[in-house]
2 protein chains.
Amino acid sequence: MTAPLQTDPQRVGEVLYLALRDRILSGELKPGAKLSVPALAEEFGVSRSPVRDAVIRLVQEDLVTETMNRGAEVARITREELVSLYEAREVLEGAVARLATEKYQASLRRTLLALLTEHREVAAQQDFGRHIELDAAFHRAIRQAAQSPVLARMLDGVQGRVLVAMRSTSLTGGMVQAVHEHQAIFEAIGSGDADAAEEAARAHIRRLKELLRAAD
Amino acid sequence: MTAPLQTDPQRVGEVLYLALRDRILSGELKPGAKLSVPALAEEFGVSRSPVRDAVIRLVQEDLVTETMNRGAEVARITREELVSLYEAREVLEGAVARLATEKYQASLRRTLLALLTEHREVAAQQDFGRHIELDAAFHRAIRQAAQSPVLARMLDGVQGRVLVAMRSTSLTGGMVQAVHEHQAIFEAIGSGDADAAEEAARAHIRRLKELLRAAD
DNA sequence: TCGTTCCGATCTGCATGCAGTGTTGAACGC
DNA sequence: GCGTTCAACACTGCATGCAGATCGGAACGA
């Protein structure tokens with residue numbers, strides 16, 4: 001779902017980490033699902049050690065929660081925490097939009113333009129699954145252009161947990177409006193106005209946050 | 001150094017994680033120092049398993065870096081990455097200042113006032129060590145008042161890595177000016193103006209970031 | 001029917017075994 | 001003296017052993 005970002009996984013533990021992470025983000029493992037280390041070890045045909053390593057990493061990432069002597073399960077993210085995640089996402093997306101504006105290159109313009117064009121059609125056709133993908137791709141393109149590994153990693157983490165939370169709390173934020181807001185972000189970045197780009201990105205996330213707040 | 005934030009550590013692996021993290025943040029383990037799992041296991045009188053667990057968690061936190069078949073060492077944080085950390089810190093401190101303003105309570109006012117009073121004296125006496133502590137305490141008080149576990153955890157992570165980076169790159173940002181900027185943040189929060197509080201906090205971190213950029 | 005008790009299966013968390021790999025430093029040739 | 005070779009050592013990464021804890025469910029009694 002999200003980019004690997006890790007070094008090539010020659011370690012079994014790393015492969016398992018990526019595999020389990022993907023299962024969680026894709027919804028194959030839903031919030032509350034138990035992660036049995038022996039069962040996973042047998043399924044993947046490895047010993048318990050690398051499985052344990054992978055689980056620890058997921059716990060440290062807050063995608064999985066652990067209780068003493070009671071094993072691990074996919075994190076159950078509350079509505080309250082989801083809002084808190086969006087508070088973080090608002091400022092982080094604002095920051096990468098600013099940086100992308102300052103480091104603006106023509107390739108970013110082409111990428112965003114292509115995404116927007118397709119997104120407009122998809123929104124008109126009410127293709128929700130493709131909308132999710134294009135929305136993620138749009139934001140990913142901007143945070144890659146920002147060239148800030150620190151911010152990119154944080155946003156990856158936030159995005160992952162948001163995806164998990166959305167498994168419990170489905171919420172459609174209005175595809176057409178999302179496209180309009182993306183258009184505004186695109187124009188602000190293209191105009192070179194970093195302040196405007198930051199504010200446009202923040203406003204976009206802020207609206208989604210308020211939607212979450214309202215839907216209780 | 002920073003608050004535990006974890007559940008009570010009844011697991012050996014958790015104790016080791018906290019112990020190693022403290023050694024890194026306190027500077028006892030400097031950037032580039034090797035973390036030998038067998039050696040640490042013997043030192044703490046435990047087996048290699050919980051040590052391995054602790055190291056994995058530190059790697060996932062980017063406090064430690066690992067190379068295939070070559071062990072782990074305390075992360076060497078580059079100047080470039082330090083600037084990137086401050087880019088993140090700028091917007092995150094802004095966000096918690098805003099939230100602290102919106103959730104403002106009298107206890108926060110008392111806490112910040114006490115810290116500022118002592119900080120003024122300490123700055124006048126050029127007590128650098130105490131300055132560092134008071135600076136951290138000031139920001140910690142605000143982020144606790146913001147009541148956002150997500151933002152607090154991110155800032156903890158950023159702060160930890162900044163501390164590690166500072167072991168290589170000592171940089172005094174001007175104690176008296178820091179106190180002045182803290183005063184401005186305090187007043188903005190007290191006035192209930194969330195916009196002003198966010199901007200004051202951002203300006204404070206932004207100045208430190210520019211200092212880092214300049215010192216190359 | 002419903003609640004309690006107890007036992008077995010299963011899992012967690014730590015300890016340990018082991019093959020493959022990287023490192024180091026001494027012996028050697030030039 | 002200086003670079004090369006190679007062998008012993010040390011460590012990583014995965015596999016496995018094991019004690020204690022937890023969970024589930026059958027047997028039992030009210």
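Chain letters run A, B, ... following the sequence lines, proteins first and then strands; every chain starts at 1. In this text, all values refer to a predicted model and were calculated from it rather than measured experimentally.
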Separation of D/dC23 atom C1' from A/Glu73 atom CD, nearest Å, is 14 Å
- [ ] Determine, stepwise, if the pair B/Glu87 / B/Arg213 fulfils salt bridge (charged side-chain N to carboxylate O under 4.0 Å, His left out).
- [x] CA-CA 11 Å; B/Glu87 282 167 352; B/Arg213 274 230 181 80; 3.2 Å; yes
In whole angstroms, the gap separating C1' of C/dA15 from CG of B/Leu40 amounts to 17 Å
With the side chain defined as heavy atoms from C-beta on, B/Pro38 is closest, among C/dC14, D/dC11, C/dG13, to D/dC11
Any salt bridge linking B/Arg23 with B/Glu43? Criterion: basic side-chain nitrogen under 4.0 Å from a carboxylate oxygen. yes
Whole-Å distance, A/Arg48 CZ to C/dG17 C1', equals 13 Å
Checking C/dG22, C/dT16, D/dA21 against the side chain of A/Asn69 (C-beta onward), the nearest is D/dA21
ask   = For C/dC11, does either OP1 or OP2 sit under 4.0 Å from a side-chain N or O belonging to A/Ser36?
value = yes
Exercise. Are there more than 12 heavy atoms of other residues, nucleotides or ligands under 6.0 Å from atom CD of B/Glu102?
Worked result: yes
Quick note, B/Met68 side chain, CB onward, closest among D/dG13, D/dG17, C/dT12 is D/dG13
From CZ of B/Arg11 across to P of C/dC11 the rounded distance in Å is 18 Å
Base, sugar-phosphate, or nothing: which does B/Leu35 touch, judged by heavy atoms less than 4.0 Å apart? sugar-phosphate
Closest heavy-atom pair, B/Tyr104 versus B/Leu108, reported as atoms and distance to 0.1 Å, is CD1-CD2, 4.0 Å
Here the distance between atom C1' of D/dT12 and atom CG of B/Asp53, to the nearest Å, is 15 Å
note: B/Glu43, atom CD; D/dC11, atom C1'; distance rounded to Å ~ 17 Å
| message | Checking B/Tyr17 against A/Gln60: is there a side-chain donor and acceptor pair closer than 3.5 Å? | response | yes
Taken to the nearest whole Å, CD/A/Glu14 to C1'/D/dC14 is 15 Å
Whole-Å distance, B/Glu66 CD to C/dG22 C1', equals 15 Å
| message | Any side-chain N or O of A/Arg70 below 4.0 angstrom from OP1/OP2 of D/dC23? | response | yes
Q.
Can you see if the side chain of A/Ser47 gets near the phosphate of D/dC14 - specifically, an N or O under 4.0 Å from OP1 or OP2?
A. no
Checking all strands, does A/Arg52 fall into the base, sugar-phosphate, or nothing category for heavy-atom contacts under 4.0 angstrom? sugar-phosphate
